[in-house]
Number of protein chains: 2
Amino acid sequence: MRRTLAPRPLPPAEDQAARFARQREADRTATAEDYVELIADLLRADGEARAVDIARRMGVSQATVTATIGRLQRDGLVETKPYRGLFLTDAGRDMAAAAKARHELVVQFLIAVGLDAETAEQDAEGIEHHASEAALQAFERFLAARKAAG
Amino acid sequence: MRRTLAPRPLPPAEDQAARFARQREADRTATAEDYVELIADLLRADGEARAVDIARRMGVSQATVTATIGRLQRDGLVETKPYRGLFLTDAGRDMAAAAKARHELVVQFLIAVGLDAETAEQDAEGIEHHASEAALQAFERFLAARKAAG
DNA sequence: TCCGAAAGTTAGCCTAGGCTAAGAAGTGTG
DNA sequence: CACACTTCTTAGCCTAGGCTAACTTTCGGA
């Protein structure tokens with residue numbers, strides 16, 4: 001019997017590279033998701049989404065918001081008229097709805113496994129962008145099972 | 001009794017801004033954590049960490065690795081001599097150990113809640129950088145409870 | 001030993017996402 | 001209705017993190 005504890009071997013390089021690549025892809029879409037989610041929330045709560053409110057809630061300057069909104073517009077998620085409020089395109093609304101659903105699910109899941117609401121809200125902000133469909137389904141199953149068990 | 005479903009009000013702007021700011025902070029440290037974790041793995045597995053292997057495993061060009069390593073060195077995480085392999089400083093080793101522990105914990109947790117190993121590995125790559133200490137402790141408690149329950 | 005292949009670096013480019021400062025556009029009130 | 005205030009945009013700057021192409025250094029084998 002071997003006594004030397006074999007260190008877990010590294011995964012194949014290609015697999016690892018693919019994971020990091022998907023990771024970078026998720027990072028790229030995260031900002032867009034956060035913005036459209038916030039814009040949708042503002043439209044719902046205030047009836048309008050103004051750059052100044054986005055800046056305040058994102059904790060960035062208005063100039064940054066203008067630049068980011070430009071990218072969202074270029075990517076077909078948002079429609080703007082100069083000096084007017086923001087509106088979501090169909091694609092933007094879809095993304096916002098999906099992002100919001102994911103966000104809520106992650107928050108509920110984190111609370112269910114023992115996190116306090118405030119921390120759950122904070123952590124969900126980051127985790128929601130990195131949970132795959134399979135993971136979200138697992139979270140849902142977990143919540144359903146817990147609910148069934150009482 | 002009210003029939004209109006009150007939409008959940010937006011959180012205070014300052015709270016939301018603080019969450020996004022912490023989020024951006026986590027994003028900034030994520031690359032460093034991934035690199036030192038990988039360097040530590042390579043040192044353990046191969047006895048050395050070479051830029052060409054990091055490039056292959058991260059799925060980026062060697063030029064990108066050189067630039068990133070430069071930042072890690074500037075930040076006191078890595079030591080290099082030109083055209084020689086990489087070494088971790090004490091700070092780098094600490095960060096790598098913490099990152100690896102977090103990574104493993106998140107993988108085990110995701111598997112415990114029903115994810116397959118491959119997806120767990122993929123999702124952990126993103127989630128590990130965004131789970132707070134409180135969340136990691138919750139994950140640990142969950143694993144411990146499940147183990148106790150059998 | 002030397003020389004070609006592999007590894008590492010440098011130069012120059014790009015995008016995303018931050019910032020400040022300054023100016024333009026819209027709005028509300030005396 | 002005019003002027004001050006707020007909002008939005010523009011200009012110019014920065015860092016991180018990507019890329020390719022070209023160059024330098026190292027290393028191993030004939």
Side-chain angles (χ1 to χ4, degrees), chain A residues 13 17-39 42 46-87 125-126 129, chain B residues 13 17-39 42 46-87 125-126 129:
Chain A
R19 283 204 285 270
F20 281 119
R22 277 197 289 272
Q23 206 44 53
R24 289 191 293 270
E25 179 58 33
D27 288 344
R28 269 197 299 277
T29 61
T31 303
E33 291 175 351
D34 285 339
Y35 268 73
V36 296
E37 191 178 344
L38 177 54
I39 291 168
L42 288 170
D46 302 352
E48 60 176 356
R50 281 149 71 249
V52 66
D53 293 323
I54 296 172
R56 187 161 50 233
R57 287 184 176 277
M58 294 291 300
V60 300
S61 71
Q62 284 191 27
T64 294
V65 171
T66 298
T68 305
I69 293 301
R71 285 190 287 272
L72 298 182
Q73 194 169 14
R74 178 201 62 190
D75 297 343
L77 297 167
V78 150
E79 278 170 358
T80 71
K81 296 178 195 166
Y83 294 97
R84 286 290 170 268
L86 305 176
F87 304 92
E125 205 62 72
H129 302 297
Chain B
R19 284 204 284 271
F20 280 119
R22 279 196 288 272
Q23 207 43 55
R24 288 192 294 270
E25 179 59 33
D27 288 344
R28 268 196 300 277
T29 60
T31 303
E33 290 174 351
D34 285 338
Y35 268 72
V36 296
E37 191 179 344
L38 176 54
I39 292 168
L42 288 170
D46 302 351
E48 58 176 359
R50 281 148 71 249
V52 67
D53 293 323
I54 296 172
R56 188 162 49 235
R57 288 183 175 277
M58 294 290 301
V60 299
S61 71
Q62 278 187 226
T64 294
V65 171
T66 299
T68 305
I69 294 300
R71 285 189 287 272
L72 297 181
Q73 194 169 13
R74 178 202 59 192
D75 297 343
L77 297 166
V78 151
E79 276 169 1
T80 71
K81 295 179 196 167
Y83 295 97
R84 285 287 171 270
L86 304 175
F87 304 93
E125 204 61 74
H129 302 297

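Labels below follow one simple rule: chain letters A, B, ... track the order of the sequence lines, proteins then strands, and each chain is numbered from 1. Nothing here was measured: the structure is a model prediction, and the numbers come from that model.
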Practice prompt. Provide, to the nearest angstrom, the distance between the CZ atom belonging to B:R50 and the P atom belonging to D:dT26.
Written response: 15 Å
Practice prompt. Identify whether any heavy atom of A:R84 sits under 4.0 Å from a base atom; if not, whether one sits that close to sugar-phosphate; answer base, sugar-phosphate or nothing.
Written response: sugar-phosphate
Fill in: Under-4.0 Å side-chain N/O to phosphate OP1/OP2 contact, B:R74 with D:dA16
yes
Worksheet item: So, is A:T64 near the phosphate of C:dC19, with a side-chain N or O under 4.0 Å from OP1 or OP2?
Response: yes
Practice prompt. Specify the separation, in whole Å, of atom CD of A:Q62 and atom C1' of C:dG17.
Written response: 16 Å
Response to the item:
Heavy-atom closest pair (A:M58 atom, A:Y35 atom, distance to 0.1 Å) is CE-CE1, 3.5 Å
Worksheet item: Could you give the CG-to-P distance, from A:L86 to D:dT7, as a whole number of Å?
Response: 14 Å
Discussion item. With rounding to the nearest 0.5 angstrom, report the CZ to CZ distance, B:R57 to A:R19.
Written reply: 9.5 Å
Worksheet item: Toward the 5' end of DNA chain D, which comes first, A:R24 or A:A49, by nearest nucleotide?
Response: A:A49
Worksheet item: Between A:T29, A:D27, A:D34, which is the residue that forms a side chain to side chain donor-acceptor pair (under 3.5 Å) with A:H129?
Response: A:D34
Practice prompt. Would you mind reading off the distance between A:L77 atom CG and C:dA16 atom P, rounded to a whole angstrom?
Written response: 13 Å
Discussion item. With a 4.0 Å limit, can you tell me whether A:T68 has a side-chain N or O closer than that to the phosphate oxygens OP1/OP2 of C:dG17?
Written reply: no
Item to complete: Mind calculating the distance between OH (B:Y83) and P (C:dA6) to the nearest angstrom?
Response: 17 Å
Item to complete: Assign each of A:T31 and B:V52 to its nearest nucleotide of DNA chain C by heavy atoms, then name whichever residue's nucleotide is nearer the 5' end.
Response: B:V52
Discussion item. So that I can tick it off, tell me whether B:R56 and B:D53 are bridged by a salt bridge, with the cut-off set at under 4.0 angstrom between side-chain N and carboxylate O.
Written reply: yes
Worksheet item: OP1, OP2 of C:dT15 versus side-chain N and O of A:R71: anything below 4.0 Å?
Response: no
Discussion item. Less than 4.0 angstrom from a charged side-chain N to a carboxylate O is my criterion; do A:R22 and A:E25 meet it?
Written reply: no
Worksheet entry | Atom-to-atom span, CD of A:E33 to P of C:dG17 - whole angstrom | 12 Å
Worksheet, complete the sentence: Whole-Å distance, A:I54 CD1 to D:dT6 P, equals 20 Å
Worksheet item: Of the candidate nucleotides C:dA21, C:dT9, C:dG18, which contains the atom at the shortest distance from the side chain of A:A63?
Response: C:dA21
Discussion item. Applying a 4.0 Å non-hydrogen cut-off, can you work out what A:A67 is touching in the nucleic acid: base, sugar-phosphate, or nothing?
Written reply: nothing
Worksheet item: For the pair made of CD in B:Q73 and P in C:dG8, what is the distance, rounded to whole Å?
Response: 14 Å
